Amino acid sequence: MPEVRVRFPPSPTGYLHIGGARTALYNWLFAKKHNGKLILRIEDTDTERSTQESIDGIIEGLEWLGITWDEGPYFQTEFSEEHVARARQLVADGHAYKCFCSKEELDRKRDVAQEAKQEYGYDGTCRRLSAAEVAEKEAGGQPFVVRFKVEREGGGEVSFDDKVLGRVSRSVNDIEDFVIVRSNGKPLYLLCNVVDDIRDRISHVIRGQDHLGNTSKQILIYRALGAQVPEFAHMPLTLDLNKAKISKRSHGEIVAVQFYKQRGFIPWALANFLLLLGWSGGDDREIYSREELIDAFVLERINKSNSIFNYRKDDPKFFTDPKAISINEHYLRTMPIEEIAALVEADFKTQGLWDDAYGTTRRAWFLETLLLIRERFHTIKDFAEMGRAYFADDYAFEEAAVRKNVLKYPELKEWMPALADRFDALPDFNLEAVEGLLRTMAEELGVKPGVLINGARAVVTGRLAGPSMFEVLVTIGRARVTARLRQVGELFARFEG
RNA sequence: GUCCCCAUCGUCUAGCCAGGUCCAGGACACCGGCCUUUCACGCCGGCGACACGAGUUCGAAUCUCGUUGGGGACGCCA
């Protein structure tokens with residue numbers, strides 16, 4: 001295979017959404033797999049809608065996901081002269097012509113056709129203009145667009161072998177003479193994209209199936225320009241629950257990569273999820289490390305059919321596609337704890353929960369604590385929220401935990417401080433000692449150990465559930481544990497009052 | 001309306017190209033059980049699909065045709 005060069009060409013008209021991220025991911029994987037290059041090209045020719053903020057957001061999103069590029073970002077607007085030159089060349093070579101039909105006139109014709117449920121497409125009025133007529137209109141200062149002259153002599157088809165879909169054909173009679181240059185002289189996407197891909201020596205165009213219709217037109221442009229046509233791979237689209245294409249506009253933050261970063265997703269977990277939306281390795285494997293995936297990835301195994309992004313809303317646990325959450329959980333509890341620690345550290349710093357000692361003298365404690373509590377968390381955010389009691393004293397109390405495990409046993413008002421006293425008297429505050437003491441005390445009081453254990457859990461962590469209580473107590477430490485136990489009275493006052 | 005693409009559990013999918021080993025496998029979700037001081041994890045089990053109809057064949061999820069359904073495109077957006 002000649003040098004593999006692929007590109008990701010977002011138009012900077014909004015944040016990076018998961019569909020775009022998935023396209024970027026597939027391109028990146030393909031490049032890596034073949035020791036090729038990924039080119040990032042910002043298609044900013046739509047000056048009306050392009051923003052710097054969007055460019056920054058896209059780059060930030062790609063970087064967060066770990067999708068790296070080898071060249072760029074290039075900006076399409078920087079190559080306008082070349083686009084114009086190629087358009088002129090096409091006109092000079094007879095592959096394109098000037099069209100003087102007004103936009104209003106065409107809109108009207110289109111509306112009429114649509115109204116009558118008729119097929120519509122440019123009728124070729126200006127294609128038949130003689131050189132003299134064209135010269136006359138130009139001399140008169142009439143504005144014009146440039147249309148590509150689709151060769152329809154003898155019919156024929158434009159076809160290509162798509163890496164995903166197989167052979168795709170389209171009759172030239174179904175391709176209208178499409179516009180390649182606006183009346184203001186600015187070339188359009190169909191042309192710019194091809195000119196840029198030729199200049200960037202793109203070998204494989206991997207993009208969504210929504211571009212399928214563009215491909216036949218663009219192949220015509222490649223040929224007219226005398227360039228080699230690249231390989232194509234049209235990926236299936238990601239649809240919403242109503243089977244409509246997901247978009248920034250209609251779905252909002254739930255489809256933004258940024259949202260997942262904010263909600264505490266592990267970058268590669270999101271990439272892994274996105275990968276599975278339309279690709280499988282052919283076996284039952286679903287979790288891949290970067291290296292494993294680069295090794296396993298092949299374009300031919302991309303699915304042909306569209307997939308549904310099964311997101312939910314307003315569910316505390318499944319705030320997005322449950323599969324995405326489950327993959328994130330998988331990484332959360334299997335990744336090397338140092339890597340998790342780095343993500344938690346970043347989050348803690350934004351929340352004012354970070355203690356520099358966690359990086360130095362209390363490093364071991366910090367890592368062990370993360371190891372202890374990560375089992376039942378869903379995202380990185382949970383360390384600061386559900387796990388707050390391990391790192392700070394201003395943790396919240398779950399109402400259900402207090403009601404079920406504290407208020408139900410009024411005696412705990414005395415028992416908890418008494419337990420604190422006993423803990424203080426312990427020569428060593430370790431697992432065995434704590435467990436022995438708790439069980440002995442329960443026996444003396446004539447209650448089940450669970451009453452003291454769960455009561456202590458609610459008081460010390462504010463939560464209904466958590467890791468083994470003895471480990472929790474030792475981890476949080478004697479001083480903090482006893483102080484919290486002695487404040488049980490306030491809890492009664494707060495929730496009973 | 002025209003053109004293009006697609007069609008397996010609720011969702012993501014394996015199997016399809018090279019028809020039998022598939023009364024269709026896995027994952028997520030859901031339900032039940034085990035474990036357990038709690039909740040998770042883990043393990044075990046359950047629920048649950050070849051869109052429909054013809055044809056080819058001894059045999060079809062797999063091949064062919066049709067129907068239906070879904071999606072995309074049809075811009076002087078990208």
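The structure displayed is predicted, hence computed values, not measured ones. In what follows, chains are A, B, ... by sequence order, proteins preceding strands, each numbered from 1.
- For S307(A), whose side chain is taken as the heavy atoms from C-beta onward, the closest listed nucleotide among rU37(B), rC12(B), rU38(B) is rC12(B).
- Nucleotides rA49(B) and rC28(B) place their C1' atoms 16 Å apart, quoted to the nearest Å.
- G466(A) comes within contact range of at least one nucleobase, with a heavy-atom separation under 4.0 Å.
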Pairs of donor and acceptor atoms involving the side chains of residues 449-467 of chain A, under 3.5 Å and at least two apart or interchain, shall be tabulated with distances.
| residue | atom | partner | partner atom | Å |
| --- | --- | --- | --- | --- |
| N454(A) | ND2 | G450(A) | O | 3.2 |
| R457(A) | NH1 | P467(A) | O | 2.9 |
| T461(A) | OG1 | R457(A) | O | 2.6 |
| T461(A) | OG1 | R463(A) | N | 3.2 |
| R463(A) | NH2 | E398(A) | OE2 | 3.2 |

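- When the P atom is compared between rU64(B) and rC74(B), the two are found 30 Å apart, to the nearest whole Å.
- rG1(B) and rA24(B) have their C1' atoms separated by 40 Å, given to the nearest Å.
- When the nucleotides rA27(B), rA14(B), rU11(B) are ranked by their closest atom to the side chain of K323(A), rA27(B) comes out on top.
- Set against rC12(B), rU38(B), rC28(B), the side chain of S326(A) has rC28(B) as its closest nucleotide.
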For nucleotides 68-77 of chain B, give me one character per nucleotide, 5' to 3': B if any protein heavy atom sits under 4.0 Å from the base, S if the only such contacts are to the sugar-phosphate, - if neither. --SSSSBSBB
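- Side-chain atoms of R457(A) come within donor-acceptor range of the base of rU37(B), with a qualifying N/O pair under 3.5 Å.
- Across rU36(B) and rC30(B), the matching P atoms stand 24 Å from one another, rounded to whole Å.
- N454(A) has no side-chain polar atom (N or O) that falls below the 4.0 Å cut-off from OP1 or OP2 of rC39(B).
- With respect to the salt-bridge test (charged N to carboxylate O, under 4.0 angstrom), the residues D162(A) and K304(A) do not qualify.
- Note on D196(A) versus R41(A): salt bridge recorded, some NZ/NE/NH1/NH2 to OD/OE distance being below 4.0 Å.
- Across all strands, P449(A) comes closer than 4.0 Å to no nucleic acid atom at all (heavy-atom distances).
- Among the heavy atoms of the strands, none lies under 4.0 Å from P10(A).
- Going from atom CD of E411(A) over to atom CE of M416(A) covers 11.0 Å, rounded to the nearest 0.5 Å.
- If you check every strand for non-hydrogen atoms under 4.0 Å, E286(A) touches a base.
- A perpendicular orientation is assigned to the rings of F319(A) and F265(A), their planes being inclined by more than 60° (bins at 30° and 60°).
- rC74(B) is paired with rG1(B) under the criterion used here, namely a Watson-Crick or G-U wobble arrangement in which both key atom distances are under 3.5 Å.
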